[in-house]
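Computed over heavy atoms, backbone and side chain alike; hydrogens, waters and symmetry mates excluded. Here the structure is a predicted model, which is why all the values come from computation and not from measurement.
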Amino acid sequence: MNTLKFDAVVIGSGLAGFSTALHLAKTRKVAIIAKRELESGASNWAQGGIAAVLDPSDSVEQHLSDTLIAGAGLCDEAAARFIIEHGGVAIKWLIDMGVPFTRDESTDTGYHLTREGGHSQRRIIHATDATGHAVQATLMEKIRANPNISVFENHFAIDLITSDKLGIKTPSPQCYGLYVLDEKTRTVSTFATRHTILATGGASKVYLYTTNPDTATGDGIAMAWRAGCRVSNMEFFQFHPTCLYHPYAKSFLISEAVRGEGGILRLPPEAGDASGLRFMPDHDQRAELAPRDVVVRAIDFEMKKRGLDYVHLDITHKSPDFVKSHFPTIYATCLEFGIDITKEPIPIVPAAHYTCGGVVTDTRGRTDVQGLYAVGEVACTGFHGANRLASNSLLECLVMGRAAALDIEQQPLHTVPALPAWDESRVTDAFEEVVISHNWDELRRFMWNYVGIVRTTQRLERVQRRIRLLHEEIDEYYANYRITSDLLELRNLVEVASLIVRSAMLRNESRGLHFSHDYPEQLPKALPSVLTPLRRQ
């Protein structure tokens with residue numbers, strides 16, 4: 001029986017997971033389960049930066065107000081205040097770790113702070129336009145050098161091991177560890193631990209077009225739901241307004257900061273007489289600096305109204321030196337595709353970007369299952385409400401990772417009951433796996449077409465019927481054939497798709513990122529949509 005024992009196991013290799021692991025490693029033996037290589041987490045792709053109150057002219061109250069406004073009445077104000085108040089400490093920790101944030105000695109902070117949509121102040125600290133990579137690379141060195149951290153790359157978390165699944169009667173479900181697939185050896189190991197931390201990121205791969213890496217398949221949300229955790233606000237999926245539109249570009253994100261630094265959205269030549277028209281002022285008085293949900297619906301409206309495949313983001317009115325110094329990665333990448341952004345506008349299209357809902361947690365990262373924590377995009381603390389404010393996500397990863405670690409450190413070290421090995425005695429190798437690829441493609445296409453930026457009740461009902469059939473097919477496949485990573489991801493995506501549709505059907509209004517043709521108005525009282533698994537009903 002291949003059982004590995006740790007004080008804590010972190011599932012995920014983004015900033016939330018790294019933050020939690022590094023804080024825990026001071027006093028605990030920690031394992032990090034990475035689905036791909038350690039640097040493959042979505043945080044590595046983040047361009048813009050981290051929102052925090054650093055400048056003397058800024059304040060917690062202003063940052064909180066901006067967050068609450070973007071959240072469209074659904075933010076948990078206490079949770080938002082907690083995260084924002086701890087932003088300065090989080091940034092100091094990164095600086096002490098050696099993260100090379102962009103300097104500006106002319107400012108009070110010594111660092112260049114930029115402004116993004118929805119923010120009333122310049123408060124985004126960044127490392128040029130590749131902040132996520134700079135942070136991840138710095139912390140990854142610390143992770144690999146830490147003797148208390150064991151890294152398991154190319155390992156896929158299959159499912160959590162709980163008291164319910166073991167038949168142990170407890171007042172509430174308890175998590176004792178998890179089963180993990182080694183993708184190289186095709187063997188399954190049992191990880192026994194009293195503290196399991198989900199830091200698996202979001203579920204944007206449930207949609208056909210996304211800015212996220214291939215790993216964003218909602219694994220943590222699906223595992224937590226199956227383990228007995230509530231999920232909340234799953235209807236609120238943020239679509240990034242500006243993803244590079246090019247046949248050979250794979251979901252390359254054009255940072256929010258481009259608009260923050262003066263980028264203008266215009267109609268392309270295909271718009272005929274309206275070619276070059278700046279359209280955002282017609283949709284919102286904040287124009288290009290409006291929150292993402294406003295911008296993305298404006299782009300979606302203009303594209304559908306005029307039959308366009310894309311629109312333009314224009315930064316050519318800025319000097320070439322300004323563009324190259326502020327956005328070196330975007331400049332270089334676009335140039336690889338034959339687009340000189342100092343001379344011509346960038347063709348862009350919206351794409352699924354961020355999961356605002358997730359596993360319900362408190363401000364210590366604790367879920368409904370004892371011993372199970374969730375931090376980062378996988379979690380729903382109430383910080384983002386109905387719409388995430390730009391660059392608040394990395395802040396949440398840092399603050400909540402530290403908060404979860406501090407809570408775990410206060411818990412006594414207990415032994416875990418003997419856990420059964422993974423049972424493959426009644427399964428065989430699949431004769432063919434085409435059913436997985438077909439179902440994967442079908443799921444992502446109908447989620448994009450029917451549960452995307454604008455929704456209707458009829459579309460949601462149609463999708464719900466198809467998801468039920470997919471669920472049955474995949475459950476049968478899972479029960480009879482040996483698991484693969486593709487099967488596990490599809491199983492999790494279908495689970496998450498079901499949660500998204502159920503949540504959307506509960507919301508008979510339009511609020512934040514959820515817009516319904518059938519319910520275009522906003523209800524007077526904002527309430528979260530909370531789904532509860534059978535164990536807790």
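Looking only at atom types and distance, the side chain of H86 has no donor-acceptor partner in the side chain of R402 under 3.5 Å away. The closest side-chain donor-acceptor pair between D164 and T162, if any, does not fall under 3.5 angstrom. Checked by atom type, the side-chain pair Y477/N439 shows no donor-acceptor distance below 3.5 Å. Counted by atom type alone, K35 and T217 present one or more donor-acceptor pairs between their side chains at under 3.5 Å. If you check the side chains of E409 and H23, you find no donor sitting under 3.5 Å from an acceptor. Residues H240 and T211 have side chains that never bring a donor and an acceptor to within less than 3.5 angstrom of each other. Residues R226 and N492 bring a donor and an acceptor atom of their side chains to less than 3.5 Å of each other.
Heavy-atom neighbours of R482 CZ from other residues, nucleotides or ligands within 6.0 Å: above the threshold of 12. Within a 6.0 Å radius of NZ in K5, no more than 12 heavy atoms belonging to other residues, nucleotides or ligands are found. Within 6.0 Å of the OH atom in Y310, the count of heavy atoms belonging to other residues, nucleotides or ligands exceeds 12. Other residues, nucleotides and ligands contribute at most 12 non-hydrogen atoms within 6.0 Å of the CD atom of Q458.
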(request) Dump the intermediate steps for side-chain hydrogen bond (donor to acceptor under 3.5 Å, both in side chains) on R455 and H517, then the final yes or no. (result) CA-CA 6 Å; R455 298 158 181 175; H517 265 311; over 6 Å; no
(request) Test D219 against T200 for side-chain hydrogen bond (donor to acceptor under 3.5 Å, both in side chains), laying out the working first. (result) CA-CA 7 Å; D219 305 323; T200 51; over 6 Å; no
(request) Would you check, one step at a time, whether the test side chain to side chain contact (heavy atoms under 4.5 Å, CB included) holds for V451 with V501? (result) CA-CA 7 Å; V451 199; V501 173; 4.1 Å; yes
(message) Go through it in stages, so that I can follow the logic: the residues are T381 and E396, the test is side-chain hydrogen bond (donor to acceptor under 3.5 Å, both in side chains), and I'd like the CA-CA distance, side-chain angles, deciding distance and then a yes or no.
(response) CA-CA 9 Å; T381 60; E396 183 184 37; 2.8 Å; yes
(message) Assess the residue pair F383 and C75 against the criterion (side chain to side chain contact (heavy atoms under 4.5 Å, CB included)); give the C-alpha distance rounded to whole Å, side-chain angles, the decisive distance to 0.1 Å, and a yes or no.
(response) CA-CA 5 Å; F383 184 33; C75 294; over 6 Å; no
(request) Start with the C-alpha gap between H471 and L469, add the side-chain angles, then the distance that decides, and say whether side chain to side chain contact (heavy atoms under 4.5 Å, CB included) holds. (result) CA-CA 5 Å; H471 236 311; L469 294 175; over 6 Å; no
(request) Report the C-alpha distance between H353 and T210 in whole Å, list the side-chain angles of each, state the deciding distance to 0.1 Å, and finish with yes or no for side chain to side chain contact (heavy atoms under 4.5 Å, CB included). (result) CA-CA 6 Å; H353 184 59; T210 174; over 6 Å; no
(request) Run the numbers on F239 and Y207 for ring-ring contact (aromatic ring centres under 6.0 Å, His included), then give the verdict. (result) CA-CA 10 Å; F239 286 78; Y207 288 104; 5.1 Å; yes
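Contact of the V427 side chain with the N480 side chain is not registered, since no non-hydrogen atoms from C-beta on lie closer than 4.5 Å. The closest side-chain heavy-atom distance from C229 to V359 is below 4.5 Å. By the 4.5 Å heavy-atom criterion applied to side chains, D407 and R366 are counted as neighbours. A heavy-atom distance below 4.5 Å is found between the side chains of I158 and I483. Here the side chains of H133 and V135 are not in contact, with every heavy-atom distance at 4.5 Å or above. Side-chain contact check for F237 versus L513: every heavy-atom pair is 4.5 Å or farther apart. N146 has its side chain out of reach of I143: every pair of non-hydrogen atoms, C-beta onward, lies at least 4.5 Å apart.
For the side-chain hydrogen bond (donor to acceptor under 3.5 Å, both in side chains) test, residues two or more places apart in sequence or in another chain that qualify with R507 are E235, E509. Residues satisfying the side-chain contact (heavy atoms from CB on, under 4.5 Å) test with D182, not counting sequence neighbours, are H155, K184, T185, T187.
Side chain of S19 to main chain of L15: no donor-acceptor pair is present (N/O by atom type, distance under 3.5 Å, no hydrogens or angles). Under the 3.5 Å distance criterion, the side-chain polar atoms of N233 are matched with a main-chain donor or acceptor of S529. Although no hydrogens or angles enter the test, the distance criterion places a donor-acceptor pair under 3.5 Å between the side chain of S503 and the main chain of L499. The backbone N or O of A8 sits nowhere less than 3.5 Å from a side-chain atom of R194 that would complete a donor-acceptor pair. In this structure, the side chain of T367 engages the main chain of L372 through a donor-acceptor pair within 3.5 Å. Between the T456 side chain and the R459 main chain, a donor and an acceptor come within less than 3.5 Å of each other. Under the 3.5 Å distance criterion, the side-chain polar atoms of T355 are left unmatched by any main-chain donor or acceptor of G202. With hydrogens and angles disregarded, a donor-acceptor distance shorter than 3.5 Å links the side chain of S510 to the backbone of Y519. Judged by distance alone, with hydrogens and angles left aside, the side-chain atoms of R491 form no donor-acceptor pair with the main-chain N or O of D475 at under 3.5 Å. Checked by atom type and distance alone, the side chain of E153 pairs as donor or acceptor with a backbone atom of L38 at under 3.5 Å.
A distance of 6.5 Å separates CD1 of I197 from OG1 of T20, quoted to the nearest 0.5 Å. Distance CE/M140 to CZ/F18: 6.0 Å, rounded to 0.5 Å. Atoms CZ and CD1, on R364 and I408 in that order, are 11.5 Å from each other to the nearest 0.5 Å. A distance of 13.5 Å separates CZ in F301 from CD1 in I453, rounded to the nearest 0.5 Å. Interatomic distance, CZ of R230 versus CH2 of W225, reported as 10.5 Å (0.5 Å rounding). For the atom pair CG (L487) and CD1 (I436), the distance works out to 4.5 Å, reported to the nearest 0.5 Å.
We find that R426 and D423 are joined by a salt bridge, their nearest charged nitrogen and carboxylate oxygen being less than 4.0 Å apart. With respect to the salt-bridge test (charged N to carboxylate O, under 4.0 angstrom), the residues E489 and K205 do not qualify. Salt-bridge check for R28 with D7: failed, with every basic side-chain N at 4.0 Å or more from each acidic carboxylate O.
The two residues M234 and V231 make their nearest non-hydrogen contact at CG-CG2, 4.2 Å. The two atoms that bring N2 and S189 nearest to each other are ND2-OG, 2.6 Å, heavy atoms only. Shortest non-hydrogen contact noted between P420 and Y179 is O-OH, 2.8 Å. Across all non-hydrogen atoms, the minimal contact from A227 to L160 is CB-CD1, 3.8 Å. Across every non-hydrogen atom of A80 and T67, the tightest pair is CB-CG2, 4.5 Å. Of all heavy-atom pairs between D300 and V454, the closest is OD2-CG2, 3.7 Å.
Using the six-membered ring where Trp is involved, F152 and F191 have ring planes that are perpendicular, over 60° apart on the 30 and 60° scheme.
Under a cutoff of 6.0 Å and an axis angle of 45°, R462 and Y450 form a cation-pi pair.
Side-chain rings of H384 and Y354 approach one another, their centers coming within less than 6.0 Å.
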